[in-house]
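Read the structure below first, then the notes.
Just so you know, these numbers come straight off a predicted model, no measurement behind them. Indexing begins at 1, ligand by ligand and atom by atom, following the structure's order.
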Amino acid sequence: MKAGVFDSGVGGLTVVKSLRKAKLFEEIIYYGDTARVPYGTKDKSTIISYSLETLEFFKNFDIDILIIACNSVSAFAINEIRQNINIPVVGVIESGILALEDSIQDKNSNILVLGTRATINSKLYPNGLNTLGYKNIISIATPLFVPLVEENILNGNILNETMKLYFKDLKDIDAVILGCTHFPLIQDEISKFLNGAKTIHSGDAIVKYLKKEYDFKENIISNNEDTKITFFASSAPDNLKQVAKNWLNIKQ
Ligand code: DGL
């Protein structure tokens, strides 16, 4: 099976990492729209038009499934993408909500949702969590984390000051939905800052979801084989490949 994985930049590599570890696919075509990242600060119609343009790129590769490894696209453009391609299209929001439900049983827990402005404005996470009975949900747009991650600033003072800015009024957070695929790169720092709060990661969530809802099997390639991954980016592909190399620990 061949999967397409789409993100606005490098963040979707966190989803690729989980897919690769689970060995769900023989092959992955990755596309990061690095020329136009961030998407999360753009309006809905812009996100839809960028996403549909990217869809045309994927049509060259005969993929079996398209994974939208971007919360902002999953929030605003997934229906339009589905209407324009004849293969399953899976986003990260529904899977993230279900992953939270799997790991947090107490419906009175304090849940923090982080994401881009687009994802937070869509209200898809809190609405989905409310429907499942969770009562205490705080959502915060944390767009500054995106350029920090794109710049490979994954710890240290600048990140700490940014967390202070966003998190200074928060108390007793039990779990954090990392509602942006860039954020798993700083998840340990976020969890530490929030006194060890549990984190929900779009990549791990989507692996669970693909196994449950689409009956994908783990380890379809043998132990000594690896998923073949080809990386594309709309600008500076070498940067993206370098981040992929570091983050995924592979030689490309
Ligand atoms: N990876 C994107 C997401 O999950 C965030 C980056 C962006 O704003 O484009 O929403």
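Between Thr181 and ligand 1, at least one pair of N/O atoms sits closer than 3.5 Å.
Heavy atoms only, all atoms of each residue included: Ala69 and Thr181 are closest at O-OG1, 2.7 Å. Among all heavy-atom pairs drawn from Leu129 and Ile177, the shortest one is CD1-CD1, 4.0 Å.
Checked by atom type, the side-chain pair Asp33/Tyr50 shows no donor-acceptor distance below 3.5 Å. Between the side chains of Ser122 and Thr119, no donor N or O sits under 3.5 Å from an acceptor N or O.
Less than 4.0 angstrom separates some heavy atom of Ser8 from each of these atoms of ligand 1: 1 (N), 2 (C), 6 (C), 7 (C), 9 (O). Each of the atoms 6 (C) of ligand 1 lies under 4.0 Å from some heavy atom of Val146. Atom numbering of ligand 1 starts at 1 in the shown order; those under 4.0 Å from a heavy atom of Thr116 are 5 (C), 8 (O), 10 (O). The distance from ligand 1 to the heavy atoms of His182 drops below 4.0 Å at these ligand atoms: 1 (N), 2 (C), 5 (C), 6 (C).
In terms of protein heavy atoms, atom 2 (C) of ligand 1 is closest to Cys70 SG, 3.4 Å. Remark: minimum distance from atom 5 (C) of ligand 1 to any protein heavy atom is reached at Cys180 SG, 3.2 Å. Protein heavy atom nearest atom 8 (O) of ligand 1, with residue, atom name and distance: Gly40 N, 2.8 Å.
Which of Phe6, Phe183, Tyr39 comes nearest to atom 7 (C) of ligand 1 through a heavy atom is settled by distance: it is Tyr39.
Under the ring-ring contact (aromatic ring centres under 6.0 Å, His included) test applied with Phe232, the options Phe57, Tyr31, Tyr30 reduce to a single match, Phe57.
In this structure, Lys211 forms no cation-pi arrangement with Phe216, as its terminal cationic atom is not both closer than 6.0 Å to the ring centre and no more than 45° off the ring axis.
Look at Lys228 and Asp226 and you find no salt bridge, because none of the NZ, NE, NH1 or NH2 atoms lies under 4.0 Å from a carboxylate O.
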